[in-house]
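Reading through the structure tokens given below for one structure.
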Amino acid sequence: MDLSDRLISPPDENAALRSGRYFWLLLLVPYFSTASFAQSNEYNVINLGPLPGQSGMPRGINNSGHVVGRSGTEFNTDTRGFVWNGGNQIQVLASLPGGDFSEGVSINEFGDVVGSSNSNAHLRALLWTKDGEMRDIGTIPGDSGARATSINRSRDVVGSSFGAHGVNAFLWTKKNGMQSLTRLAGADFSEATSINNAGLIAGISGVANGDHRAVMWENAAIIKDLGVLPGDSESEAYAINDRGQVVGESSRPSEMHAFIWSDKDGMRSLGSLPGGEGFTMALGINNSGQVVGAAATSTGATHAFISTKSSGMRDLNDLIPADSDVLLATAVGINDRGQIIAYGGNPETFDHDTPSSVYLLTPKGR
């Protein structure tokens with residue numbers, strides 16, 4: 001799939017589910033190297049499987065180390081959301097009546113999960129509460145479907161709602177229900193990807209079949225264009241921490257660059273792995289400013305990375321025990337304890353046509 005693939009607007013809701021650069025990265029894994037790594041043994045790594053189905057995909061982690069995602073076949077059929085609560089405690093997230101898909105995307109401090117499920121007709125944004133309730137949180141008036149992408153400590157939820165008039169970011173609260181978030185001037189779509197505990201929201205706005213910009217909402221009516229890196233033409237934001245730092249990617253034709261943005265410093269490149277210039281993507285950030293994502297290596301493979309202010313970008317495959325027999329392809333999230341969720345597989349056999357496994361990395365001594 002080309003790097004320029006964009007969010008596909010409804011009425012094709014199944015296409016909308018698979019759309020957006022964040023989603024194609026989770027569904028399509030580039031070819032991987034089988035080269036050995038020079039491990040420095042900084043993390044313990046465990047496989048969260050076996051998960052229901054043959055293939056797992058993590059999406060979120062909270063500060064208790066609980067993980068949410070989806071599992072099914074490597075071709076994303078028979079897919080159900082899951083919550084991993086440690087050990088062998090796997091909870092399957094129910095789908096809507098008549099549906100054959102569910103996915104957990106974000107989990108807050110209390111164990112509330114948001115994501116989506118389909119029904120006979122539409123994709124819907126769901127909240128699975130810690131008490132076991134499954135709640136359809138609706139759509140923006142006039143729309144036919146929605147998906148939820150993030151939930152904070154206050155149980156505020158963000159995501160995107162879609163219908164005949166395109167795709168629009170939303171904020172849902174228990175008090176006010178679902179409200180639309182403003183788009184950039186001249187834009188015809190927006191998508192909210194992450195909300196922090198202060199209520200700041202990161203996401204994307206732009207032209208559905210054209211340029212996108214990473215944005216931040218201070219509230220439903222105030223939107224800020226976060227810009228692009230020098231030489232790039234567009235950007236997308238995927239995560240925000242409680243300090244208001246935003247991460248994502250800034251791109252030009254055939255290249256993609258991971259960034260971190262702050263109100264003080266603006267947008268700054270996170271660099272690349274040695275010899276791997278041309279593709280990096282930041283997907284998660286914790287409150288210490290540690291960033292995780294995926295980056296190209298000198299062989300053209302894609303590996304999970306961690307980036308810190310003191311050490312720069314490092315390949316996570318170099319930081320796990322040498323006898324792990326694991327290839328970490330992409331790191332999706334990191335919590336305030338430094339625990340990282342990633343997916344990958346056997347370094348000798350893993351590629352985009354094989355099932356993926358879900359891994360939890362915990363810093364040594366934690």
Side-chain angles (χ1 to χ4, degrees), residues 1 5-28 52-53 55-60 68-73 75-83 92-107 112-129 133-151 157-172 177-181 183 188-195 201 203-205 208-209 236 238 332:
M1 190 177 295
D5 280 358
R6 296 295 187 230
L7 187 74
I8 301 171
S9 299
D12 186 351
E13 292 178 359
N14 288 327
L17 174 66
R18 298 188 299 269
S19 63
R21 296 184 191 170
Y22 181 81
F23 289 94
W24 75 250
L25 179 67
L26 294 179
L27 296 175
L28 176 63
S55 189
M57 190 62 61
R59 296 300 307 276
V68 295
R70 66 176 186 264
S71 64
T73 73
F75 305 108
N76 293 295
T77 57
D78 299 320
T79 300
R80 294 293 184 275
F82 71 82
V83 182
V92 176
L93 296 173
S95 59
L96 291 169
D100 60 2
F101 171 90
S102 65
E103 177 181 39
V105 180
S106 177
I107 181 168
D112 301 305
V113 176
V114 294
S116 58
S117 174
N118 62 352
S119 64
N120 287 324
H122 303 292
L123 186 71
R124 307 292 293 190
L126 295 187
L127 166 64
W128 292 269
T129 71
E133 177 190 1
M134 181 176 69
R135 180 186 304 172
D136 184 337
I137 63 173
T139 68
I140 293 171
D143 284 349
S144 58
R147 63 185 180 195
T149 53
S150 185
I151 183 171
V157 180
V158 297
S160 56
S161 177
F162 37 85
H165 300 293
V167 181
N168 208 77
F170 72 75
L171 168 66
W172 179 92
M178 188 176 291
Q179 56 183 315
S180 175
L181 302 179
R183 298 168 175 168
D188 64 7
F189 101 100
S190 60
E191 182 175 8
T193 55
S194 182
I195 183 170
I201 302 165
I204 309 158
S205 184
N209 295 310
E236 299 190 350
Y238 301 133
V332 175

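These numbers come from a predicted model, not from an experiment.
Residue Met57 comes nearest to Phe82 through the heavy atom pair O-CE2, 4.0 Å, listed as atom of the first residue, atom of the second, then distance. Among all heavy-atom pairs drawn from Gly98 and Asn120, the shortest one is O-OD1, 3.2 Å. Nearest heavy atom pair, residue Ile151 against residue Ser106, reads N-OG, 3.2 Å. Across Phe170 and Ser160, no two heavy atoms sit closer than the pair CE2-N, 3.3 Å. Minimum heavy-atom separation, Arg80 to Val92: CB-CG1, 3.9 Å. Among all heavy-atom pairs drawn from Asn168 and Leu181, the shortest one is ND2-O, 3.1 Å.
Proximity of a side-chain donor or acceptor of Ser55 to a complementary backbone N or O of Gly72 within less than 3.5 Å is not detected. The backbone N or O of Ala146 lies less than 3.5 Å from no partner atom in the side chain of Thr139, so there is not a single donor-acceptor pair. Arg183 contributes a side-chain N or O that, together with a main-chain N or O of Asp188, makes up a donor-acceptor pair within less than 3.5 Å. Formation of a donor-acceptor pair under 3.5 Å by the Ser95 side chain with backbone atoms of Ser102 is not found in this model. Under a 3.5 Å cut-off, the side chain of Thr193 and the backbone N or O of Thr149 do not form any donor-acceptor pair. No donor-acceptor distance shorter than 3.5 angstrom exists from the side chain of Asn118 to the backbone of Leu96, with no hydrogens or angles considered. Side-chain atoms of Ser205 come within 3.5 Å of backbone N or O of Phe189 as a donor-acceptor pair. Here the side chain of Arg147 pairs no donor or acceptor atom with the backbone of Ser117 at under 3.5 angstrom.
In this view, Asp143 satisfies the salt bridge (Lys or Arg N to Asp or Glu O under 4.0 Å) rule with no residue, not counting sequence neighbours.
In this structure, Leu126 CG and Ser116 OG are separated by 7.0 Å, a value rounded to the nearest 0.5 Å. With rounding to the nearest 0.5 Å, the separation of CG in Leu93 from CZ in Phe101 is 10.5 Å. The distance from atom CD1 of Ile107 to atom OG of Ser150, rounded to the nearest 0.5 Å, is 12.0 Å.
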Under the side-chain contact (heavy atoms from CB on, under 4.5 Å) rule, what do Leu171 and Ile195 come out as? Steps first, then yes or no, please. CA-CA 9 Å; Leu171 168 66; Ile195 183 170; 4.0 Å; yes

Could you walk me through whether Ile137 and Met178 pass the side-chain contact (heavy atoms from CB on, under 4.5 Å) test, one step at a time? CA-CA 8 Å; Ile137 63 173; Met178 188 176 291; 4.1 Å; yes

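Counting heavy atoms from C-beta outward, Thr79 and Glu103 have side chains that stay 4.5 Å or more apart.
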